[in-house]
Number of protein chains: 2
Amino acid sequence: MKFAKIPMATINRLSIYMRTLQEMLEEDVEVISSERLAKQCGVNPAQIRKDLAYFGEFGVRGVGYRVNDLVVQIKDILGLNRPWNLAMIGVGNLGSALLRHGNFTKHGYIFTAAFDVDPKKVGKRLPNGITVNHVDELEEKIKEKEVLIGLITTPAGEAQGIANQLVLAGINGILNFAPVQIQVPDCCHVENVDFTIKLDSIAYHLSVGS
Amino acid sequence: MKFAKIPMATINRLSIYMRTLQEMLEEDVEVISSERLAKQCGVNPAQIRKDLAYFGEFGVRGVGYRVNDLVVQIKDILGLNRPWNLAMIGVGNLGSALLRHGNFTKHGYIFTAAFDVDPKKVGKRLPNGITVNHVDELEEKIKEKEVLIGLITTPAGEAQGIANQLVLAGINGILNFAPVQIQVPDCCHVENVDFTIKLDSIAYHLSVGS
DNA sequence: TGTTTGATGTGAATTATCTCACATGTTTGT
DNA sequence: ACAAACATGTGAGATAATTCACATCAAACA
């Protein structure tokens with residue numbers, strides 16, 4: 001292990017390794033080689049070893065990696081050894097589907113607040129027990145509920161304004177589902193999810209025929 | 001322009017450029033420089049010019065790019081100058097939210113089929129006019145409705161099986177929302193959407209404090 | 001205890017991607 | 001018609017990421 005700048009791609013792959021390893025745990029696999037994990041994840045074995053080498057030595061030479069240990073180590077690396085409170089801003093089709101989506105909870109992400117501007121939605125109690133607040137209460141509730149990451153599922157036009165409010169409320173992680181590029185100060189980390197961009201990529205590949 | 005292998009990253013950026021340009025069109029911007037577009041998209045100006053240079057010369061020196069023309073050109077490059085029929089497999093929370101999500105239609109992607117195994121859902125008519133079919137009819141309906149890309153929103157356990165069926169039905173583009181790595185032959189192009197991986201990335205950045 | 005087998009960890013080579021810097025071509029203004 | 005201003009297109013250089021190849025260590029077994 002050495003001290004170096006970690007490639008962004010490495011971080012994303014660590015998540016993928018972790019998920020694959022967790023599946024394997026459920027199938028009672030105790031030890032795994034980089035070769036087998038690589039095949040499962042669709043990457044090069046050396047890639048996995050390099051990725052892990054940024055953070056330490058987690059394997060046993062001649063043997064492989066203990067699956068359970070490696071999951072714990074990766075969680076440590078990513079900061080997932082504790083819960084992360086989320087807020088959903090925008091309780092429309094997508095927002096409410098995500099609020100009900102079990103996959104977040106499974107990985108330690110907990111919705112503790114939800115916001116909308118629609119009077120018909122404000123005050124409604126959601127299946128997970130939280131109540132929809134008006135966006136006017138954003139800052140107050142975000143601090144009260146100790147939210148650390150905001151998910152934006154508003155229409156495109158509202159997204160930037162919401163992002164500004166989130167930053168003012170002290171949030172510095174945003175997952176943006178709105179189809180616009182939002183601008184934030186450096187202290188805030190934004191990740192975008194745009195399904196149609198992925199579709200464009202598929203369309204391209206089908207068009208050029210590879 | 002020269003003949004070269006196109007970086008995957010370039011293709012993804014082209015989508016982003018296109019969306020930004022489309023926004024600008026709505027604000028009646030007619031001509032734009034790589035510098036301004038770059039700032040809006042959060043990339044380097046030279047990057048944009050290089051990306052476009054893979055495919056031709058679309059700008060006017062000393063002037064910039066005609067917004068409308070460039071949108072058309074990028075659509076041509078990506079193969080978006082025609083509609084793409086989609087099928088949704090899995091009409092749960094996420095699936096039905098996406099089926100109602102206007103953003104697909106806006107970019108020329110049209111759902112022409114939807115599938116589920118739940119008898120309560122099969123036969124139901126969706127807001128966009130299509131009827132939910134049973135997964136048993138997958139191959140037949142996919143051919144009938146001329147579907148080219150499949151979206152998987154089933155539970156993780158079912159995803160691989162569905163992917164296999166899609167490939168058998170002649171599909172070679174899949175957008176996978178299930179949180180598993182699915183394996184397909186080379187003829188098929190898979191893109192994965194996993195929100196929790198993006199969250200992991202945010203969590204990492206907040207943890208290490210950058 | 002020595003040897004063989006197996007899989008990690010990592011420096012070096014390779015490949016891919018991004019950025020710079022400037023020549024090139026357009027337009028505007030005098 | 002000429003010069004100044006401007007922004008593209010691109011070769012060359014810099015940077016980053018991936019893969020190779022092998023030294024290194026652990027376990028199994030004779």
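Proteins come first, then strands; the chains are lettered A, B, ... in the order of their sequence lines, and each starts at number 1.
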**Report entry** DNA chain D: 5'-proximal contact among B:Gly64 and A:Thr10 (nearest heavy atom)
**Finding:** B:Gly64

Report summary line: Quick note, A:Ala46 side chain, CB onward, closest among C:dA16, D:dT10, D:dC20 is D:dC20

Query raised in the report: Considering only C:dC20, D:dG9, C:dC18, which nucleotide approaches the side chain of B:Gln47 most closely?
Result: C:dC18

Query raised in the report: Looking at B:Tyr65, does any N or O in its side chain come under 4.0 Å of the phosphate oxygens OP1/OP2 on D:dG9?
Result: yes

Report task. Could you walk me through whether A:Asp69 and A:Gln73 pass the side chain to side chain donor-acceptor pair (under 3.5 Å) test, one step at a time? Result -> CA-CA 6 Å; A:Asp69 291 1; A:Gln73 305 276 19; over 6 Å; no

Query - B:Phe58 and B:Tyr65 aromatic centres sub-6.0 Å - result: no

Report summary line: The nucleotide from D:dT19, D:dG9, D:dT18 with an atom nearest the side chain of A:Ala9 is D:dT18

Query raised in the report: Are A:Tyr109 and A:Asn103 close enough that a side-chain donor and a side-chain acceptor fall under 3.5 Å?
Result: no

Report task. Figure out the OH/P separation between B:Tyr17 and D:dT8, and round it to whole Å. Result -> 12 Å

Requested in this report: Send over the distance from A:Asn12 CG to D:dT18 P, rounded to a whole Å.
Outcome: 11 Å

Query - Terminal helix-axis angle for the helix from C:dT1-D:dA30 to C:dT30-D:dA1, with five pairs defining each axis and rounding to 10 degrees - result: 0°

Query - Whether over 12 other heavy atoms sit under 6.0 Å from A:Glu146 CD - result: no

Report task. Mind calculating the distance between CG (B:Asn44) and P (D:dT15) to the nearest angstrom? Result -> 14 Å

**Report entry** NZ/NE/NH1/NH2 to OD/OE distance under 4.0 Å, B:Arg19 and B:Glu23
**Finding:** no

Query raised in the report: Could A:Glu35 and A:Lys39 be called an ion pair, given the rule that one side-chain N must be under 4.0 Å from one carboxylate O?
Result: no

**Report entry** 4.5 Å side-chain heavy-atom contact, A:Asp118 and A:Val132
**Finding:** no

Query - Side-chain donor/acceptor contact of B:Lys50 with base of C:dT19 under 3.5 Å - result: yes

Query - Whole-Å distance separating the CD atom of B:Glu57 from the P atom of C:dG25 - result: 10 Å

Query raised in the report: Heavy-atom count around A:Gln183 CD within 6.0 Å, excluding the residue itself: above 12?
Result: yes

Query - Sequence-aligned protein contact record of nucleotides 22-30 of chain D, with B where the base is within under 4.0 Å of a protein heavy atom and S where only the sugar-phosphate is - result: --BBSS---

Requested in this report: I would like to know whether B:Ser201 and A:Glu191 meet side chain to side chain donor-acceptor pair (under 3.5 Å); could you show each step before the answer?
Outcome: CA-CA 8 Å; B:Ser201 162; A:Glu191 293 277 332; 3.1 Å; yes

Query raised in the report: Does anything in residues 29-42 of chain A reach DNA chain C, meaning a heavy atom under 4.0 Å, and if so which residues?
Result: A:Ser33, A:Ser34

Requested in this report: In plain terms, say whether A:Lys141 and A:Asp136 are close enough for a salt bridge, that is, a side-chain N and a carboxylate O under 4.0 Å apart.
Outcome: no

Query raised in the report: Could you give the CD1-to-P distance, from B:Ile48 to D:dA7, as a whole number of Å?
Result: 14 Å

Report task. Please state how far atom CG in A:Leu52 lies from atom P in D:dA17, giving the value in whole angstrom units. Result -> 17 Å

Query raised in the report: Which whole-number value in Å describes the distance from B:Ile6 CD1 to C:dC18 P?
Result: 13 Å

Query raised in the report: Roughly, in whole Å, what's the span from CE in B:Met8 to P in C:dA16?
Result: 15 Å

Requested in this report: Take atom CD of B:Glu144 as the centre, draw a 6.0 Å sphere, and report whether it contains more than 12 heavy atoms from other residues, nucleotides or ligands.
Outcome: yes

Query - Sub-4.5 Å side-chain heavy-atom contact between A:Ile32 and A:Leu21 - result: yes

